[in-house]
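Residues: numbered from 1 along the sequence shown. Hydrogens, waters and symmetry mates are skipped; everything else that's a heavy atom, side chains included, is used.
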Amino acid sequence: PPQCWRHSPCLSPENIMPSEAGQARKKTPLNRIFIARLVKFLSFRKKNQAGAVPHSTKKVQEPKERLEGPCGLGCVVIPCSQCCNNIRCFLVFFCILVTSQCIVFGLVDMSNDIFLKNSNLKTAENLVLSLTYDISSCLVVVFIAYYGGKGSIPRWITASSFLVGFGSLLFAFPYFSGGFNEENVESEVICQERRMAKVCKKSSLSFQSKYMTFFILGQCVQGIAAIPLYVLGITFIYKSVATHSAAIYLGIVEAAGISGYASAVFFFFSFDSKQHQPRNWGMNFVVISVIAWCTLIPLSCFPRNVRGTARVKAGKHRQPYLLDRDQSKDQEFGPNIKDLLATFWILIKSPIFIYLSLCRASESLVMIGASEFLPLYIENQFILTHSEATTIAGLVLIPGGALGQILGGIIISKLQMTCKSLMRFVMVTSAISLVLLAFVILVHCDTIPFAGINEDYGGTGQLGNLTAPCNSRCKCSSSLYSATCGRNDIGYFSPCFAGCTHSKTFKNRKTYYNCSCIKEGLTTSDNEGDFIDARHGTCASKCYKLPLFLAFVFSTILFSAFANVPSILTILRIVSDKQRSLALGVTFVILRIFGTIPGPIIFKIVGKASCLFRDTEHCGSTENCWIYNKTKMVYLLVGVCLICKAVTIIFTAAAFGLYKYLPKENGDIVPTVVKHLKVKKRERTDL
């Protein structure tokens with residue numbers, strides 16, 4: 001039969017020349033070529049079907065393999081900004097945003113303290129004001145973590161930048177609306193003398209309602225804004241850098257948050273006299289809002305995957321993940337609620353994941369206890385003013401926490417720790433901090449005698465009763481605490497309880513005279529020749545153990561902070577790529593439920609238990625404790641922190657034990673960074 005070839009006319013057999021006929025006989029028949037090609041195609045198809053990824057799954061995953069986009073605003077590519085299209089530039093703007101929100105947290109805490117002192121809130125209102133942030137973030141974290149992880153994470157972080165600024169403006173609004181203070185006159189008690197008027201600032205009802213409304217709204221907004229930062233942002237950084245470099249980046253982010261909160265507290269106590277002005281409070285929140293919004297445009301320019309992500313992803317071997325690998329292997333979870341619940345169930349039924357999340361919650365309790373009670377303990381143990389004690393505590397907590405986060409990340413990165421090594425690192429550092437924490441109890445000062453509390457007015461009074469025969473005629477009130485130190489080195493609740501009848505201001509300090517309860521001690525005179533019996537303020541402790549105490553506390557905080565970054569990294573490594581954002585979201589919920597929500601309540605109970613003398617009513621406040629039992633306070637505080645550290649060690653050891661006895665195929669695989677991406681792609685294609 002006649003044959004037709006491409007680019008040649010149809011020729012009959014008789015038209016073929018003898019030489020051409022010989023060449024045609026030498027060529028392989030077409031039917032044999034067709035059969036060979038068909039066999040090869042069928043064998044390739046079977047091999048492809050036996051491979052790791054089915055054709056349907058490949059189709060779904062193809063769009064996700066399109067890595068690295070240009071830097072620009074939407075479809076507008078900015079050529080000069082391409083040099084910033086990397087994870088380091090992203091980290092700079094991301095840390096600025098994290099620092100801004102943590103400054104807001106610090107300002108809100110300071111503002112709430114002042115507001116609660118000037119307002120007579122019910123217990124339920126106090127809890128709502130304190131826990132709104134944690135509750136609002138817990139309600140939305142699972143949804144934002146799951147759906148945000150499937151989209152463009154920089155877009156979510158850009159939205160978070162807007163919400164941080166908007167929430168800060170909500171906090172500022174009550175201070176610009178007026179009605180901050182009402183003058184309520186209350187007097188300082190001087191025995192047998194006309195009371196000196198003292199202004200007690202109390203919030204008006206209109207300001208109180210506006211404050212409650214806008215601060216609750218602001219904390220709800222900040223709670224929603226925190227999810228893209230601390231869940232999606234961590235996931236984005238982890239997938240954009242090499243596995244062992246992630247520790248340094250995460251340590252920098254955590255240190256930025258601690259520094260932001262510290263800046264707010266330090267700024268407050270450095271300008272304490274000016275901060276009580278409403279306008280200044282409002283301007284602080286406005287400035288932070290502007291700083292947060294300055295990151296809007298830069299963050300919105302980053303693509304879904306920054307430059308270098310493809311090289312990092314190609315260099316990472318397929319890492320083993322432990323959470324129900326039979327169900328989640330090569331499975332694509334969709335955007336519906338059923339898939340969300342399926343992924344959520346895979347996470348919560350893994351004991352390793354739950355143990356590691358509970359470790360993070362117990363560690364948060366230690367930091368809450370240190371930040372809540374360390375200033376109070378330093379103030380009472382070493383007899384310092386409130387601002388001095390808070391400043392010293394901040395200078396210990398902030399550098400210790402920030403340095404611990406960064407050093408922990410560097411150590412992990414340099415040693416290239418596997419999951420097992422990370423868990424060992426957490427257990428060792430927690431054990432060291434536990435031992436150092438126990439030494440804190442040994443550093444204490446002798447208790448200063450206090451009339452009516454641990455001293456009985458020279459045998460004329462009773463312990464537990466501030467009134468004695470020497471001051472019974474003064475009819476003193478215990479509603480106003482004004483610490484007074486007599487020349488006999490005994491402390492008094494107020495000059496009235498010391499029986500003082502006159503007062504002066506000498507060398508910028510209040511001095512008291514003719515005190516009927518003070519009969520002993522060295523006498524000194526003022527510039528007018530009058531003998532001073534007492535001075536305003538607490539008596540000097542004559543204790544020089546503060547540097548040793550601070551050294552132990554700093555070391556404890558440093559080693560405690562070492563455990564934060566490895567706990568995050570362990571969680572990120574044991575889950576698959578598709579589950580990382582949701583895993584951090586679920587960890588966020590567990591940390592809030594078992595850590596940050598009950599933490600303040602637990603330590604408030606500890607504070608009440610160690611209180612010796614509580615104010616009954618002063619300026620509408622019923623919660624002020626004037627005098628603490630220092631020994632009881634330190635035992636309760638250290639005891640709670642020791643329990644939390646022990647819980648961290650126990651849960652980490654349990655997770656380590658479960659991980660250790662997993663099948664050998666789930667052992668750690670050390671990822672490497674590929675320098676020649678094209679070669680790696682060619683190798684994968686040939687498989």
How close do [X] and [Y] get, heavy atom to heavy atom, and via which atoms?
{"X": "C641", "Y": "L437", "value": "CB-CD2, 3.3 Å"}
{"X": "A292", "Y": "V164", "value": "CB-CG1, 3.8 Å"}
{"X": "F93", "Y": "C89", "value": "CD1-O, 3.2 Å"}
{"X": "L569", "Y": "A247", "value": "CD1-CB, 3.5 Å"}
{"X": "S100", "Y": "I288", "value": "O-CG2, 3.4 Å"}
{"X": "T99", "Y": "G260", "value": "CG2-CA, 3.6 Å"}

Please confirm whether the backbone N or O of [Y] pairs with a side-chain atom of [X], one donor and one acceptor, at under 3.5 Å?
{"X": "S413", "Y": "G409", "value": "no"}
{"X": "S259", "Y": "A255", "value": "yes"}
{"X": "S240", "Y": "I237", "value": "no"}
{"X": "R307", "Y": "I87", "value": "no"}

Do [X] and [Y] have a side chain donor and acceptor closer than 3.5 Å?
{"X": "T235", "Y": "S581", "value": "no"}
{"X": "E363", "Y": "N564", "value": "no"}
{"X": "T418", "Y": "S421", "value": "yes"}
{"X": "T648", "Y": "S362", "value": "yes"}
{"X": "S289", "Y": "S168", "value": "no"}

Given side chains that start at C-beta, do those of [X] and [Y] come closer than 4.5 Å, heavy atoms only?
{"X": "I157", "Y": "S161", "value": "no"}
{"X": "L340", "Y": "F143", "value": "yes"}
{"X": "I346", "Y": "Q579", "value": "yes"}
{"X": "F425", "Y": "I411", "value": "yes"}
{"X": "R592", "Y": "I135", "value": "no"}
{"X": "L358", "Y": "V647", "value": "no"}
{"X": "L422", "Y": "R573", "value": "yes"}
{"X": "S137", "Y": "I227", "value": "yes"}

Tell me whether the rings of F215 and F285 are parallel (<30°), tilted (30 to 60°) or perpendicular (>60°).
perpendicular
Parallel, tilted or perpendicular: which fits the ring planes of W293 and F162, with parallel below 30° and perpendicular above 60°?
parallel
Distance, nearest 0.5 Å, that separates [atom1] of [X] from [atom2] of [Y]:
{"X": "L374", "Y": "M367", "atom1": "CG", "atom2": "CE", "answer": "10.0 Å"}
{"X": "S160", "Y": "L296", "atom1": "OG", "atom2": "CG", "answer": "10.0 Å"}
{"X": "F559", "Y": "L407", "atom1": "CZ", "atom2": "CG", "answer": "10.0 Å"}
{"X": "L415", "Y": "I410", "atom1": "CG", "atom2": "CD1", "answer": "11.5 Å"}
{"X": "L397", "Y": "L558", "atom1": "CG", "atom2": "CG", "answer": "12.0 Å"}
{"X": "I153", "Y": "I234", "atom1": "CD1", "atom2": "CD1", "answer": "10.5 Å"}

Candidate pair I574 and L356, rule side-chain contact (heavy atoms from CB on, under 4.5 Å), full reasoning:
CA-CA 11 Å; I574 66 172; L356 293 174; 3.9 Å; yes
Got a sec, which residues hit ring pair (Phe, Tyr, Trp, His ring centres under 6.0 Å) with Y249, two or more places apart in sequence or on another chain?
none
Got a sec, which residues hit ring pair (Phe, Tyr, Trp, His ring centres under 6.0 Å) with F594, two or more places apart in sequence or on another chain?
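Partners of F594 by the ring pair (Phe, Tyr, Trp, His ring centres under 6.0 Å) criterion come out as none, since no residue qualifies.
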Under the salt bridge (Lys or Arg N to Asp or Glu O under 4.0 Å) rule, collect the residues that match up with E254, sequence neighbours excluded.
none
Within the supplied structure, the quantity of interest is the number of heavy atoms (other residues, nucleotides, ligands) at a distance under 6.0 Å from I348 CD1; does it exceed 12?
yes
Worked check of side-chain contact (heavy atoms from CB on, under 4.5 Å) between S136 and Q222:
CA-CA 9 Å; S136 62; Q222 294 292 345; over 6 Å; no
Residue pairs involving residues 214-232 (criterion salt bridge (Lys or Arg N to Asp or Glu O under 4.0 Å); sequence neighbours excluded):
none
What pairs of residues pass the salt bridge (Lys or Arg N to Asp or Glu O under 4.0 Å) test when at least one of them lies in residues 212-222, not counting sequence neighbours?
none
Please step through side chain to side chain donor-acceptor pair (under 3.5 Å) for the pair S300 and T158, ending with a clear verdict.
CA-CA 6 Å; S300 63; T158 303; 5.1 Å; no
Worked check of side-chain contact (heavy atoms from CB on, under 4.5 Å) between T295 and F94:
CA-CA 8 Å; T295 63; F94 184 74; over 6 Å; no
Is there any side chain to side chain donor-acceptor pair (under 3.5 Å) pair reaching into residues 87-98, and which pairs are they, with sequence neighbours excluded?
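Residue pairs with at least one partner in residues 87-98: there are none.
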For a ring-ring contact (aromatic ring centres under 6.0 Å, His included) check, start with the C-alpha distance between Y659 and F656, then their side-chain angles and the critical distance, and finish with the verdict.
CA-CA 5 Å; Y659 189 92; F656 179 80; 7.8 Å; no
Can you see whether F236 has K239 sitting over its ring - NZ or CZ less than 6.0 Å from the centre and within 45° of the normal?
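No.
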Could you walk me through whether Y146 and D339 pass the side-chain contact (heavy atoms from CB on, under 4.5 Å) test, one step at a time?
CA-CA 10 Å; Y146 184 74; D339 292 326; 3.4 Å; yes
